[in-house]
Amino acid sequence: MCLACTGMRSANVVRILELPMPAAAAFPDRLAHAWPGAPGVGDSAVDVAEPAPAACTFALVTERAGFDALEAEWNDLFWRAGRSTQVFQTFNWNWHWCNHYLAAASGETGPSLAIVTGRRHGRLVMVWPLVSERVAGLTQIGWMGDPVSQYGDVLIEPDSLPFLANAWAFVTRELKPDLLRLRKVRDDAAIAALLGDLNAFPAERHEAPYLDLASAPDFATFERRYSPRSRRNRRRLSRRLQELGPVAFERCREGPRARALAIKAVDLKREWLRERGLVSPALGDPRFASFFADVAQGTVRPAGCEVSALTSGGEPAAIEITLRCLDRILMHVIVFNLKYEKAGAGVLLLERTFAQSFGTNARTFDLLSPGDSYKLAWADASMGVTDWVIPLSARGWVFARLYLGLARPALKAALDAMPTSLRRLVADRYAG
């Protein structure tokens, strides 16, 4: 669905390390219970002799050719062990990311690959997709896929979870970073237990609202959970939009039209940000639009991207970019044309896409973080999402505690407190 399983099985790697399976007692309780049927700390021994578990061999992939050579094995691992929340850890998604955001691809300074792979009996059982980058004079390790990915995680077979601690030791020894900065980690991520046990510092905390589509047989039944007032309001907005011109809904899974709509969505989002005096370095970067244009077109290594639009008189009134992975739909970008703001074009597009999601294999409609009020108004529940930081040097500690922990939140709060007109001036100066 979102993967194309082709490619070679060799990889350009450096520094291979083989470690034996650690005993369960060597791990904290949360890690030892991270998969069904795992032995608990302090479980009594049995008298039956069991074969020793296979060792795990780690390697570091730092070159684009090495990443490309992993394609078939990476895809196989996803189909064996991938979760619907791990669309951002699929090979195809990160292949497109490499085309736009790697330093060599962009022609600018930027991140370098630092992908950790783990093998048992020669089979790929773990991919920890990381990059290394010099920021503020520090060597920082972060997720491959930033800033276009929304959830960060390690792709791993469940019975290899105990090796995560060894993989962490491998990362710190081989890369010698000042700082590990892993953004947008879900509370239920495969990596979450390890980060908790390492006493990682939570730089920011978010929530990702979602709809439980499996809780109702159709949208008409699902919609009854919302108040009569909210349903009447959407009908009123629909009439208002129809008064402005003929209304149509379209959904594109690939091709030139999907590409054009994705580019238009980013343009509209930038206009919306400027109008409200908000700054988004990720959206302001031209690579953001070119990345989504390629992903939406989907003719090479499709990543499960769909683009939906609500048009009025043939003009896009609202556009949404979603991803489909297994039984989950993830809403990555949604924006409305400022011309149709009072007609509630964004709300109406959301309603239409929710309705269209029934009758498919989708069980969850993920609105992603942050937990904005318009998302929470639709959602059944939310999942916690955390930006984790682990300082690994004195300079890294200062940066994490003073900038990420204190200065950055204070600057953000000060900007949010400004009047919109003043924020707009700041945003225009930043964009200029």
Side-chain angles (χ1 to χ4, degrees), residues 209 211 219-220 222-252 257-258 260-280 282-284 288-289 292 296 306-322 329 331-357 365 367-379 415-428 430-431:
L211 282 70
F219 183 67
F222 185 88
E223 194 182 24
R224 292 174 193 160
R225 69 191 62 193
Y226 304 114
S227 69
R229 180 179 179 181
S230 66
R231 284 179 278 167
R232 286 195 303 269
N233 183 56
R234 290 197 295 275
R235 288 195 295 268
R236 177 180 57 81
L237 291 173
S238 180
R239 290 193 297 269
R240 182 179 295 177
L241 185 61
Q242 290 171 1
E243 291 170 358
L244 298 175
V247 177
F249 174 82
E250 61 177 311
R251 172 174 288 163
C252 306
R257 178 59 174 167
L261 285 173
I263 294 172
K264 181 64 174 177
V266 176
D267 288 341
L268 291 176
K269 195 71 173 183
R270 289 170 179 164
E271 291 177 15
W272 182 89
L273 289 170
R274 270 195 304 272
E275 175 66 19
R276 282 155 177 76
L278 301 175
V279 175
S280 172
L283 274 162
F288 191 90
F292 274 103
E306 296 182 351
V307 186
S308 301
L310 198 63
T311 60
S312 176
E315 180 181 30
I319 304 175
E320 181 183 71
I321 302 175
T322 59
I329 301 173
M331 186 187 74
H332 202 307
V333 176
I334 185 167
V335 63
F336 56 82
N337 191 326
L338 292 173
K339 176 180 175 181
Y340 300 96
E341 181 174 7
K342 293 184 178 179
V347 172
L348 295 174
L349 177 57
L350 269 179
E351 180 184 40
R352 186 68 66 93
T353 53
F354 292 156
Q356 293 276 326
S357 300
F365 198 108
L367 299 173
L368 302 179
S369 65
D372 296 322
S373 58
Y374 79 91
K375 297 180 182 179
L376 294 172
W378 284 100
L415 185 61
D416 291 343
M418 289 181 182
T420 302
S421 57
L422 185 56
R423 286 206 313 268
R424 194 177 295 124
L425 288 174
V426 174
D428 290 342
Y430 179 87

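Predicted model, so just to flag it, every value in this text is computed and none were measured. We use all heavy atoms of the structure for the numbers below, so side chains are in, but hydrogens, waters and symmetry mates are not.
Taken from CD1 in Ile329 to OG in Ser357, the straight-line distance is 3.5 Å, to the nearest 0.5 Å. The structure places CZ of Phe365 at 6.0 Å from OG1 of Thr322, a figure rounded to the nearest 0.5 Å. How far CH2 of Trp378 is from CE of Met331: 11.0 Å, rounded to the nearest 0.5 Å. The line from NZ of Lys269 to CZ of Phe288 is 9.0 Å long, rounded to the nearest 0.5 Å. Note that CG of Leu338 is 6.5 Å distant from CZ of Arg276, once rounded to the nearest 0.5 Å. Glu271 contributes atom CD, which lies 7.0 Å from atom CG of Asp267 (distance to the nearest 0.5 angstrom).
Under the 3.5 Å distance criterion, the side-chain polar atoms of Tyr226 are left unmatched by any main-chain donor or acceptor of Arg231. The backbone N or O of Lys339 sits less than 3.5 Å from a side-chain atom of Asn337, completing a donor-acceptor pair. Between the Arg225 side chain and the Phe222 main chain, a donor and an acceptor come within less than 3.5 Å of each other. For Lys375 (side chain) and Pro209 (main-chain N/O), no donor-acceptor pair under 3.5 Å exists by modelled atom type.
Between Arg234 and Glu223, at least one side-chain N (NZ, or NE/NH1/NH2) sits under 4.0 Å from a carboxylate O, which counts as a salt bridge. In summary, Glu306 and Arg251 engage in a salt bridge, as defined by a charged side-chain N under 4.0 Å from a carboxylate O.
Residues satisfying the salt bridge (charged side-chain N to carboxylate O under 4.0 Å, His left out) test with Arg257, not counting sequence neighbours, are Glu250.
For the pair Ala296 and Val307, the tightest heavy-atom approach, listed with the atom from each and the gap, is CB-CG2, 3.8 Å. Nearest approach of Ser280 to Leu273, heavy atoms of both residues: CB-CD1, 3.7 Å. When all heavy atoms are compared, the tightest approach of Phe336 to Ala345 is CB-CB, 4.3 Å. When every heavy atom of Leu211 is checked against every heavy atom of Ala379, the shortest pair comes out as CD1-CA, 4.0 Å. The shortest heavy-atom contact between Lys342 and Leu237 is O-CD2, 3.7 Å. The minimum heavy-atom distance between Gly346 and Ile334, with the atom names listed, is O-CD1, 3.9 Å.
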Could you go through Leu241 and Tyr340, starting from their C-alpha distance and side-chain angles, then the distance that decides it, and tell me whether this counts as side chain to side chain contact (heavy atoms under 4.5 Å, CB included)? CA-CA 8 Å; Leu241 185 61; Tyr340 300 96; 3.7 Å; yes
Check the pair Phe249, Leu349 against side chain to side chain contact (heavy atoms under 4.5 Å, CB included), reporting the backbone distance first and the verdict last. CA-CA 8 Å; Phe249 174 82; Leu349 177 57; 3.7 Å; yes
I would like to know whether Leu350 and Glu320 meet side chain to side chain contact (heavy atoms under 4.5 Å, CB included); could you show each step before the answer? CA-CA 8 Å; Leu350 269 179; Glu320 181 183 71; 3.5 Å; yes
Do Phe219 and Phe354 pass the ring pair (Phe, Tyr, Trp, His ring centres under 6.0 Å) test, and can you show the C-alpha distance, the side-chain angles, and the key distance before you say yes or no? CA-CA 7 Å; Phe219 183 67; Phe354 292 156; 7.2 Å; no
Side chain to side chain contact (heavy atoms under 4.5 Å, CB included) evaluation trace for Arg236 with Arg232: CA-CA 6 Å; Arg236 177 180 57 81; Arg232 286 195 303 269; over 6 Å; no
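Contact check for Ile319 versus Leu268: side-chain heavy atoms found under the 4.5 Å cut-off.
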